[in-house]
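Working notes for the structure below.
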Amino acid sequence: TVLGPLSQNGIDMAPTPAMIHTWEAGCREYTGTLAAWRSALSTDFAAFNALLAKNNLATLKSASTGLTAPATCKFARSPGGRKG
């Protein structure tokens, strides 16, 4: 009785163009932010650590985040279209 109305209201429908656009935009923003973060770690962070070392201060350690960007931010429909 709980899932009955949901199946009639499109619970198993393909994403709308607006949903796809939102996902792709968010993916591009995430990828850009990740690239900027990696750039900051490799340049600014390294330069700051060099300055610390030059002044005989302990350098900072950065932990690897393990974050990766997706290969593409383009939405691809599964072959055969909508399931159901």
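Predicted model only: the values in this text are computed from it and were never measured.
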Can you list everything that forms a side-chain contact (heavy atoms from CB on, under 4.5 Å) with Asn56? Sequence neighbours excluded, please.
none
If you define the side chain from C-beta out and look only at heavy atoms, does anything of Lys61 sit under 4.5 Å from Thr59?
yes
For residues 22-31, which side-chain N or O atoms pair as donor and acceptor with protein atoms under 3.5 Å away, sequence neighbours left out?
| from | atom 1 | to | atom 2 | distance (Å) |
| --- | --- | --- | --- | --- |
| Thr22 | OG1 | Ala18 | O | 2.9 |
| Glu24 | OE2 | Phe75 | N | 2.8 |
| Tyr30 | OH | Thr68 | O | 3.3 |
| Thr31 | OG1 | Cys27 | O | 2.9 |

N/O donor to acceptor pairs below 3.5 angstrom from side-chain atoms of residues 39-49, sequence neighbours left out:
| from | atom 1 | to | atom 2 | distance (Å) |
| --- | --- | --- | --- | --- |
| Ser42 | OG | Arg38 | O | 3.3 |
| Ser42 | OG | Ser39 | O | 3.1 |
| Thr43 | OG1 | Ser39 | O | 2.7 |
| Asn49 | OD1 | Leu60 | N | 2.7 |
| Asn49 | ND2 | Leu60 | O | 2.9 |

